[in-house]
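The chains referred to below are lettered A, B, ... by the order of the sequence lines, with proteins before strands, and numbering in each begins at 1.
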Amino acid sequence: MNYHWDWGVFFKSTGIGHEIYLDWFITGLGWTVAVAMVAWVIALILGSVLGVMRTLPNKTLSGVAGGYVALFRNVPLLVQLFLWYFLVPDFLPESLQVWFKQDLKPATSAYISVVVCLGLFTAARVCEQVRTGIEALPKGQSNAAYAMGFTLPQVYRHVLLPQAFRIIIPPMTSEFLNVFKNSSVASLIGLMELLAQTKQTAEFSANLFEAFTLATVIYFVLNMSLMKLMGWVENRVRVPGLIGSTGK
Amino acid sequence: MTAMIQLSNVSKWYGDFQVLTDCTTQVAKGEVVVVCGPSGSGKSTLIKCVNALEPFQKGTILVDGVSVGDPKTDLPKLRSRVGMVFQHFELFPHLSITDNLTIAQMKVLGRSREEANDKGLKYLDRVGLKAHAAKFPGQLSGGQQQRVAIARALAMDPIAMLFDEPTSALDPEMINEVLDVMTGLAHEGMTMMCVTHEMGFARRVADRVIFMDRGHIVEDCAKEEFFGAPRGERAQQFLSKILQH
Ligand SMILES: Nc1ncnc2c1ncn2[C@@H]1O[C@H](COP(=O)(O)OP(=O)(O)OP(=O)(O)O)[C@@H](O)[C@H]1O
Ligand SMILES: [Mg+2]
């Protein structure tokens with residue numbers, strides 16, 4: 001293979017303004033983090049509510065949450081994104097449509113679409129984790145809580161959720177990492193996140209391998225840091241003497 | 001004597017399967033009633049109906065005059081007045097012993113942290129575990145956990161205590177430490193309904209013994225009468241089996 005490696009490419013001018021290629025990667029990383037973090041907050045809140053709903057005795061509420069999960073888990077993420085970006089805005093009231101399609105910068109409307117899409121998609125997955133965590137607890141725990149006079153919300157708040165969330169930290173870590181990986185779909189509706197910036201660098205500079213190598217390294221370091229962060233969280237909330245917790 | 005717990009013609013079904021049939025009995029104030037019977041006879045179900053952990057379809061249960069089955073009854077309030085101790089302790093593993101003792105006092109009874117702490121520690125001391133206040137349930141033995149569970153229930157100042165096989169998940173050497181606490185309670189005049197197979201405890205402490213079989217209360221009599229000559233064949237078989245151990 002007759003490829004001319006040039007790692008200095010990242011410090012070369014892009015030919016657009018005063019930007020060097022590294023700036024593009026930094027901007028891209030910024031968008032990726034901005035998409036993933038906000039989507040994760042949505043997923044965490046909505047997913048927890050749905051997960052609790054699935055375990056309630058009320059058939060209507062658990063049915064609604066079940067339907068949500070079925071819908072959002074069984075339609076491919078990319079299809080969902082295109083629906084949110086191309087189709088859903090057409091159903092908004094007139095004034096909102098104008099705002100979304102004309103007043104907003106293209107990057108902003110793409111950002112809103114992808115955050116909503118990824119947040120709702122991941123919420124379905126978080127919901128299932130939360131449900132599994134709650135169902136893994138012995139029935140006696142809620143019985144004991146009710147027997148002491150707790151109301152249903154108190155049983156969840158003080159007894160079930162604190163235990164369930166501890167149990168599900170490992171699978172939730174993968175969901176958290178998945179949000180970052182999945183955020184790359186944003187490049188398909190023109191949001192210049194990390195993957196899009198990488199492709200653009202590859203095309204502009206013709207240094208395809210360097211660009212994708214750097215992107216790989218950034219994704220890798222990002223995910224490793226997130227894993228470390230979640231490991232720290234897991235350690236922080238570890239309960240002495242509980243199964244699965246070592247030491248102390 | 002006024003009945004603290006009064007069950008009248010209580011029947012319960014799981015789908016088509018009838019777990020309880022026409023159960024009638026009462027526990028007077030200060031009385032200790034032991035409930036025994038073969039596995040699956042409905043002992044746990046009966047005792048859980050008393051504090052509405054299980055719904056029942058027919059009959060009435062009154063606890064201190066309050067109807068458990070009445071839809072207008074404030075169940076959390078009723079339950080907060082009745083202590084319950086479970087086979088598997090059911091301490092909250094994510095909370096320290098102190099927090100286990102205080103959380104319901106604060107969240108349900110609205111006591112201040114200081115008051116709840118004082119009360120919790122008083123009962124923890126009473127079951128002989130004051131030194132373990134800062135530990136977590138997973139760091140205690142089964143017998144210790146069960147004593148904490150009893151202290152946790154007592155800290156709510158209950159008008160009656162329900163026990164569902166409190167010693168059957170314990171290693172033999174820990175059974176007595178729990179039975180001792182229960183015996184002390186009984187002598188202090190606590191109203192108690194205990195599902196247990198500890199016949200020694202029943203002989204020493206119980207006022208009455210109820211024997212259940214296939215959802216029916218088939219014996220309900222004073223302890224002397226029960227251990228003297230239980231009337232039914234099933235009860236005799238059960239007793240001879242259990243006393244062999
Ligand atoms: N949720 C349920 N659904 C259907 N059947 C149940 C349920 N819970 C209990 N049962 C049945 O009801 C019957 C009585 O159960 P219960 O737990 O009250 O018995 P028990 O006398 O406490 O037995 P053990 O000594 O084994 O604890 C059993 O036949 C059991 O299989
Ligand atoms: Mg039982």
Which bit of [X] is near chain A, if near means a heavy-atom gap under 4.5 Å: side chain, backbone, both or neither?
| X | answer |
| --- | --- |
| B:H88 | neither |
| B:K77 | neither |
| B:R152 | side chain |
| B:F86 | side chain |

**OP:** Enumerate by number any residue of residues 43-62 of chain B whose heavy atoms lie under 4.5 Å from heavy atoms of chain A; in the absence of such residues, state 'none'.
**Re:**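 The residues closer than 4.5 Å to chain A, in numerical order, are B:K48, B:N51, B:L53.
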**OP:** Ignoring hydrogens and angles, tell me if any N or O in the side chain of A:Q141 forms a donor-acceptor pair with the backbone of B:L91 under 3.5 Å.
**Re:**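 Such a contact is found between A:Q141 side chain and B:L91 backbone.
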Subject >> Exam field: side chain B:H94 to backbone A:R238, donor-acceptor pair closer than 3.5 Å >> reply: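 No; judged by distance alone, with no hydrogens or angles, the pair does not exist.
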Return the [atom1] to [atom2] distance between [X] and [Y], rounded to the nearest 0.5 Å.
| X | Y | atom1 | atom2 | answer |
| --- | --- | --- | --- | --- |
| B:F92 | A:L160 | CZ | CG | 9.0 Å |
| A:Q163 | B:L95 | CD | CG | 8.0 Å |
| A:K139 | B:E90 | NZ | CD | 10.5 Å |
| A:F150 | B:K107 | CZ | NZ | 8.5 Å |

Subject >> Nearest heavy-atom neighbours spanning B:P76 and A:T151 >> reply: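 Looks like CG-CG2, 4.0 Å.
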Original post:
Do you know which two heavy atoms are closest between A:A147 and B:M84, and how far apart they sit?
Top reply: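 Answer, listing the atom of A:A147 first, then B:M84: CB-CB, 4.0 Å.
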Subject >> Side-chain touch B:I103/A:H158, heavy atoms, less than 4.5 angstrom >> reply: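 In short, these two side chains touch, coming nearer than 4.5 Å.
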